[in-house]
Number of protein chains: 2
Amino acid sequence: MVGKVDSTLSKGLSILEALAAEPKGIGVSELARNLELTKSNTFRLLQTLIAVGYVTQDANKQYFASMKTWKIGQMIMEKLDLPGLSISQMQYLSSMTGEAVYLAVLDGLSTLYIEKIESTKAVRTYTPKGGNAPIHCVATGKALLAFHYDTLREKLIDNLTLYTDKTITSIEVLDKEVDTIKAQGVAIDRGEYRAEVLSIAAPVFSANNDVIAAIGVSAPAINVSEDDIENMSRTVILAAQSLSNTLKDI
Amino acid sequence: MVGKVDSTLSKGLSILEALAAEPKGIGVSELARNLELTKSNTFRLLQTLIAVGYVTQDANKQYFASMKTWKIGQMIMEKLDLPGLSISQMQYLSSMTGEAVYLAVLDGLSTLYIEKIESTKAVRTYTPKGGNAPIHCVATGKALLAFHYDTLREKLIDNLTLYTDKTITSIEVLDKEVDTIKAQGVAIDRGEYRAEVLSIAAPVFSANNDVIAAIGVSAPAINVSEDDIENMSRTVILAAQSLSNTLKDI
DNA sequence: AACATTCGTGTCAATATACGAAACAAAAGT
DNA sequence: ACTTTTGTTTCGTATATTGACACGAATGTT
C-alpha cells in the first residue's frame with residue numbers, strides 16, 4: 001500500500017525547497033504560481049512554516065527560507081559524521097594522488113558531494129561541496145548505483161541523460177557496467193559526464209554492509225595514463241575499505 | 001489572524017527534527033511516543049517524508065533523516081552569500097587594524113575560513129581561504145563554539161588536541177572560557193594554536209539569532225599590546241554586530 | 001488623476017483529507 | 001507456549017485543509 005502521501009506535508013516541503021532555491025525573497029502570488037498551488041493554500045502553508053521557524057518574512061512581505069533548515073541539516077551531518085570519519089582516508093588519497101578527492105552519498109538519482117579536498121595541482125576540476133552530479137556517469141555515482149541497482153535501475157531507464165559521447169545511455173550497457181563495478185569493487189568514469197574529466201571511486205560499506213557512501217578522486221583526463229588509472233584504482237579501493245572498517249566499530 | 005497552523009505540516013517537520021537529532025535510526029513506535037503522536041499518524045507522515053526524499057529506512061525498519069535536509073540547508077547558505085555581504089565590514093576591519101581579517105563558518109569540529117583579507121603589514125600570519133583550524137583554539141573557532149556549545153561539547157571532550165602550551169585541553173577550563181565568550185561577545189586566542197599568533201573574533205547572528213559565522217582578525221602576537229587587544233576587540237565586535245544587522249533585513 | 005492590475009491577507013462553507021482506533025502478522029521477550 | 005511489542009494496513013468519521021471569493025492597499029498604465 002505504497003504511494004499515498006500527506007499532501008499538506010509534501011506541499012509544505014516543496015515550498016521550503018522553492019524558497020531555498022530562490023536567490024532573492026519571493027511573494028505569495030509568484031510562489032503559488034511557480035508551484036501550481038492556490039494562493040490561499042500557499043499563504044497558509046507559509047504561515048505555518050513561519051510559525052515553526054523555517055521561514056521568515058521581511059518588511060516588503062517577501063518570504064525567505066530561514067537558517068533553521070541549515071541548522072537541522074548540520075545536525076544530521078554531525079550525527080552521522082561521515083566527513084569526520086573519512087577525513088584521514090581522504091587526506092591519504094589526496095597526498096597519494098594530488099587530485100581532488102570526494103566523499104559522496106546517494107541523493108535520489110544524483111551523487112551528492114558531502115566533503116571534498118581540493119586538488120593540490122594547478123589545473124583544478126571544480127565541484128563545490130553540497131553539489132551533485134548524475135548518478136550514471138560519474139565515478140562516485142556509479143559506485144553508489146552499482147550497489148543500489150535493484151531499487152534504482154527502473155527509475156533510471158528513462159533518465160540516462162547524454163552528456164558526452166562517452167556517456168552510457170543504454171540500460172543494457174549500464175547493466176554490464178554495474179556487473180563489472182560490483183566485480184572489481186571500483187567505478188571508473190572516463191569523461192562520461194565532463195569530457196575532459198576522469199574519475200575513480202569505490203563504495204563505502206556501513207556496519208550492516210549497506211553501501212552508504214563512495215569515496216573517490218577526480219582529475220583532468222590528460223594527466224592520467226592507463227597505468228595511473230590502475231594504480232589509483234587500487235589506492236581508492238584501499239581507502240574505501242579502510243573507511244568501511246572504521247565504520248564497522250562505531 | 002495569526003496563530004493558525006497546518007498541523008500536518010508542523011507535525012511532519014517535528015518528525016524531521018526528531019530524526020535529525022537521533023544519532024542512530026529509530027522505529028515508528030518509539031518515535032510516536034517521543035513526539036506524543038499516534039502511531040498511525042507518525043507512520044503516515046514518515047511515508048510521505050520518504051516519498052519526498054527527506055527520510056530513508058534501512059533493512060531493520062529503522063528510520064533515518066536523509067541528506068536532503070542538509071542539501072537544502074546548503075542551498076540556503078549559498079544564496080545568503082555571506083562573503084559578499086561581509087566584504088564591507090571586513091574591509092573596515094582591515095583598514096582599522098591592518099591585520100589579516102577572516103570570515104569563518106562552522107565545519108564539524110573546525111572553523112572553515114570562507115573569506116579573508118590579507119594583512120597589509122609586512123609580517124603575515126598565513127592561513128589560506130578554504131582552510132580550517134581546530135575549533136577550540138582559534139578565535140573564530142571559539143566564537144562559533146561558544147554559541148553551539150550544547151551540540152558540540154560532548155564531541156569535543158576527546159578532541160582537545162594540544163598545539164601550544166596555551167591550548168585549552170581541559171573541558172572544565174573550556175566550559176569557563178565559553179561562558180566568558182558568551183558574556184563578552186568576543187573570543188580571544190593568545191597563541192593557543194600557533195604560539196606566535198594572536199586572534200580576536202566575534203559571532204555573526206542570522207535574522208533568527210542563530211550564530212552562523214564569525215568574523216575576526218589575526219596578527220603576530222608581538223605586534224599587539226594588551227591595550228591594542230581591548231581596542232581591537234571593540235572594533236571586531238562592532239563589525240560583527242554591523243554584519244549581523246545587515247543580515248536582519250534581507 | 002482616473003483607471004486597471006497586481007499584490008498580500010481574510011473569510012467561509014464544502015468536502016476531501018488526515019485522523020485515531022482497532023486489527024494484523026511477525027518479531028522479540030519472558 | 002505465552003505475552004508484549006514491533007511495523008504496517010484498513011476503514012469510517014470528523015475535522016482540518018481546501019479553493020473560490022472578497023477586500024483594501026500597492027503598483028502600473030493611461
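Throughout, a chain's letter reflects where its sequence line sits, starting with A, and its residues are numbered from 1.
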> Hey, are the side chains of B:L9 and B:L13 touching, using non-hydrogen atoms and a 4.5 Å cut-off?
Replying inline: yes
>> With side chain to side chain contact (heavy atoms under 4.5 Å, CB included) as the test, pick out the partner of A:L109 among A:L145, A:N159, A:T161.
In response: A:N159
> Whole-Å distance between D:dA16 P and A:R44 CZ?
Replying inline: 10 Å
> Can you find a pair of side-chain heavy atoms, one from B:L46 and one from B:I15, that are under 4.5 Å apart?
Replying inline: yes
>> Expressed as a whole number of angstroms, how long is the span from B:D58:CG to D:dG7:P?
In response: 11 Å
> So, does A:S242 use its side chain to make a donor-acceptor pair with the main chain of A:A239 at under 3.5 Å?
Replying inline: no
>> Output the rounded distance in Å from CG (A:N60) to C1' (C:dT6).
In response: 16 Å
> Taking it one step at a time, do A:L243 and A:T246 satisfy side-chain contact (heavy atoms from CB on, under 4.5 Å)?
Replying inline: CA-CA 5 Å; A:L243 179 50; A:T246 67; 3.7 Å; yes
> Please give, in whole Å, the distance from C:dA18 P to B:L45 CG?
Replying inline: 9 Å
> For B:K61, which residues count as a side chain to side chain contact (heavy atoms under 4.5 Å, CB included) partner, sequence neighbours excluded?
Replying inline: B:Q57
>> If a pair means Watson-Crick or G-U wobble with both distances below 3.5 Å, what does DNA chain D look like in dot-bracket form, with | marking bases paired to a different strand?
In response: ..||||.|||||||||||||||||||||||
> Which nucleotide, D:dG7, C:dC19, C:dT9, lies nearest any side-chain atom of A:Q47?
Replying inline: C:dT9
>> Tell me whether the side-chain N or O atoms of B:S40 pair up with the base of C:dA21 as donor and acceptor below 3.5 Å, since no angle test is needed here.
In response: yes
> Just how far, in rounded Å, is P of C:dG8 from CG of A:L46?
Replying inline: 10 Å
> Can any side-chain N or O of A:K24 pair as donor or acceptor with the backbone N or O of A:Q62 at less than 3.5 Å?
Replying inline: no
> Nearest to the side chain of A:Q57 - D:dT8, C:dA18, C:dG8?
Replying inline: C:dG8
> Just by modelled atom types, is the A:T111 backbone N or O under 3.5 Å from a matching donor or acceptor in the A:D107 side chain?
Replying inline: no
> When you measure from the side chain of B:S66 to the backbone N and O of B:Y54, does any donor-acceptor pair fall under 3.5 Å?
Replying inline: yes
> Any side-chain heavy atom of A:F147 sitting closer than 4.5 Å to one from A:F205?
Replying inline: yes
>> Let's see if you get this right: which residues in residues 61-68 of chain B place a heavy atom under 4.0 Å from DNA chain D?
In response: B:K61, B:Y63
>> I want to check something: taking the side chain as every heavy atom from C-beta on, are A:T8 and B:D6 in contact at a cut-off of under 4.5 Å?
In response: yes
> Which residues, if any, of residues 29-39 of chain B bring a heavy atom under 4.0 Å of DNA chain D?
Replying inline: B:S29, B:R33, B:K39
> Between atom CG in A:L9 and atom P in C:dC19, what is the gap in whole Å?
Replying inline: 10 Å
Which donor-acceptor pairs under 3.5 Å do the side chains of residues 33-42 of chain B make with protein atoms, sequence neighbours left out?
{"residue": "B:T42", "atom": "OG1", "partner": "B:T38", "partner atom": "O", "Å": "2.7"}

>> Short of 4.0 Å, heavy atom to strand atom, which residues of residues 11-22 of chain B count as contacting DNA chain C?
In response: B:K11
>> In this structure, how many angstroms lie between the P atom of D:dG7 and the CZ atom of B:F43, rounded?
In response: 10 Å
> Quick one: is D:dT17 close enough that its OP1 or OP2 comes under 4.0 Å of any side-chain N or O from A:S7?
Replying inline: no
> When the nearest nucleotide of DNA chain C is assigned to A:G27 and to A:T8 on a heavy-atom basis, which residue is associated with the more 5' position?
Replying inline: A:G27
>> Classify the ring geometry of B:Y113 against B:Y102: parallel below 30°, tilted from 30° to 60°, perpendicular beyond 60°.
In response: tilted
> Under 4.5 Å between any side-chain heavy atoms of A:L106 and A:L152, yes or no?
Replying inline: yes
>> Please report the distance, rounded to the nearest Å, between CD1 in A:I50 and C1' in C:dG8.
In response: 12 Å
